Asks: 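This structure is in structure tokens; I'll ask about it shortly.
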Amino acid sequence: MACVDGFVLAVPRENKQKFIEHAQFMDSIFMDHGALRVMECWEDDVKTGVNTDFRRAVDARDDESIVFSWIEWPSREFREEAYRLMEDLMKTDERFDATKYPVPFDGARMIYGGFAPVFSLP
């Protein structure tokens, strides 16, 4: 069964183009390791909720936009193997060097998790 990794993060608005370039660069690694699809979505209509919302979930500041992303994998096992391989790559592959390719957001406030689809429409 397919597996989906979901992500929500806050990115400084001034870093929008840097984020897009970073995502294109890094997402190609996921695709090289068997991801079926990667989607990166920039805030367009994110409202403030009564009890909670996307902005509060990632402690977004006034100058930040919300990004909602996901990666679709063929299966959980496939995903786990891809991450294991990428973990090894992180030790030697310069694409993972944060000094050469800095992350344009605060990863400590990113929320993420793996999900098993229970219903899907084409």
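Because the structure is predicted, anything quoted here is derived from the model rather than measured. Throughout, residue positions are numbered sequentially from 1 according to the sequence presented.
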Asks: What's the spacing between D44 CG and I66 CD1 if we round to 0.5 Å?
Replies: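 D44 atom CG to I66 atom CD1 measures 13.0 Å (nearest 0.5 Å).
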Asks: Nearest 0.5 Å, please: how far is CE in M86 from CZ in R79?
Replies: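 Here the interatomic distance stands at 9.5 Å.
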Asks: If you measure from OG1 on T92 to CG on D88, what distance do you get to the nearest 0.5 Å?
Replies: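 It is 8.0 Å, given to the nearest 0.5 Å.
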Asks: Heavy atoms only: give me the nearest P104-H22 pair and the separation to one decimal.
Replies: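 Looking at all heavy atoms of both residues, the shortest contact is CD-CG, 3.7 Å.
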Asks: So if you build clusters from Ile, Leu, Val, Met, Phe, Trp, Tyr with side-chain heavy-atom gaps below 4.5 Å, do M39 and M31 land together?
Replies: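 Different clusters: M39 never reaches M31 through Ile, Leu, Val, Met, Phe, Trp or Tyr contacts under 4.5 Å.
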Asks: Taking only Lys NZ, Arg NE, NH1 and NH2, and the carboxylate oxygens of Asp or Glu, determine whether E80 and R84 approach each other closer than 4.0 Å.
Replies: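 So E80 does not pair with R84 through a salt bridge.
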Asks: For G34 versus P74, what's the shortest heavy-atom pair and its separation?
Replies: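 Closest approach of G34 to P74: O-CD, 3.5 Å.
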Asks: Can you name the one residue among K16, R13, E14, R55 that meets side chain to side chain donor-acceptor pair (under 3.5 Å) with S65?
Replies: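 Among K16, R13, E14, R55, the one that satisfies the side chain to side chain donor-acceptor pair (under 3.5 Å) with S65 is R13.
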Asks: Can you spot which of F96, F19, Y101 makes a ring-ring contact (aromatic ring centres under 6.0 Å, His included) with F25?
Replies: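 Result for ring-ring contact (aromatic ring centres under 6.0 Å, His included) with F25: Y101.
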Asks: Test side chain to side chain contact (heavy atoms under 4.5 Å, CB included) on R109 and R61 and set out the steps.
Replies: CA-CA 11 Å; R109 292 183 288 135; R61 296 185 293 262; 3.4 Å; yes
Asks: Cluster question for you: counting only ILVMFWY and a side-chain heavy-atom cut-off of under 4.5 Å, with indirect links fine, are Y112 and F54 together?
Replies: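 Cluster IDs for Y112 and F54 differ.
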Asks: Within this structure, what is the CD-CE distance for the pair E21 and M26, rounded to the nearest 0.5 Å?
Replies: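 E21 CD to M26 CE: 14.5 Å, rounded to 0.5 Å.
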Asks: Once you round to the nearest 0.5 Å, how far does CG of L89 lie from CZ of R95?
Replies: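 Rounded to the nearest 0.5 Å, the CG-CZ separation comes to 6.5 Å.
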Asks: Return the CH2 to CG distance between W70 and D5, rounded to the nearest 0.5 Å.
Replies: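 That separation rounds to 13.0 Å.
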Asks: Would the number of heavy atoms belonging to other residues, nucleotides or ligands and lying under 6.0 Å from CD of E87 be above 12?
Replies: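 Incorrect, the count does not exceed 12.
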Asks: Hey, could you give me each pair passing side chain to side chain donor-acceptor pair (under 3.5 Å) that has a residue in residues 26-39? Not counting sequence neighbours.
Replies: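 For residues 26-39, and leaving out neighbouring residues, there are no side chain to side chain donor-acceptor pair (under 3.5 Å) pairs at all.
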Asks: Report yes or no: does R56 contribute a side-chain atom to a donor-acceptor pair with the main-chain N or O of G49 at less than 3.5 Å?
Replies: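 Yes; judged by distance alone, with no hydrogens or angles, the pair exists.
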Asks: Shortest non-hydrogen contact from C41 to S69?
Replies: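 That would be N-OG, 4.3 Å.
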Asks: Apply side chain to side chain contact (heavy atoms under 4.5 Å, CB included) to E40 and V67, showing your working.
Replies: CA-CA 7 Å; E40 303 283 356; V67 170; 4.1 Å; yes
Asks: So which heavy atom on I71 is nearest to which on A35, and how close?
Replies: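 Looks like CG2-CB, 3.7 Å.
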Asks: Side-chain heavy atoms nearer than 4.5 Å, only ILVMFWY residues, links allowed to pass through others: does that put V58 and M110 together?
Replies: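 Result: no, two separate clusters.
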Asks: Of the non-hydrogen atoms in A2 and P117, which two are nearest, and what is the gap between them?
Replies: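 Looking at all heavy atoms of both residues, the closest pair is O-CD, 3.1 Å.
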Asks: Hydrophobic clustering (ILVMFWY, side-chain heavy atoms < 4.5 Å, transitive) - are Y83 and M90 grouped together?
Replies: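 Hydrophobic grouping puts M90 with Y83.
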Asks: Would F68 and F7 count as a close aromatic pair, with their ring centres under 6.0 Å?
Replies: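 Judged by ring-centre distance (under 6.0 Å), F68 and F7 do not meet the cut-off.
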Asks: Decide whether V4 and L9 are clustered together by the hydrophobic rule: side chain heavy atoms of Ile, Leu, Val, Met, Phe, Trp, Tyr closer than 4.5 Å, transitively.
Replies: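 No, no single cluster joins them.
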Asks: Can you give me the closest heavy-atom contact between E64 and A10, atom names plus distance?
Replies: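 Closest approach of E64 to A10: OE1-CB, 3.5 Å.
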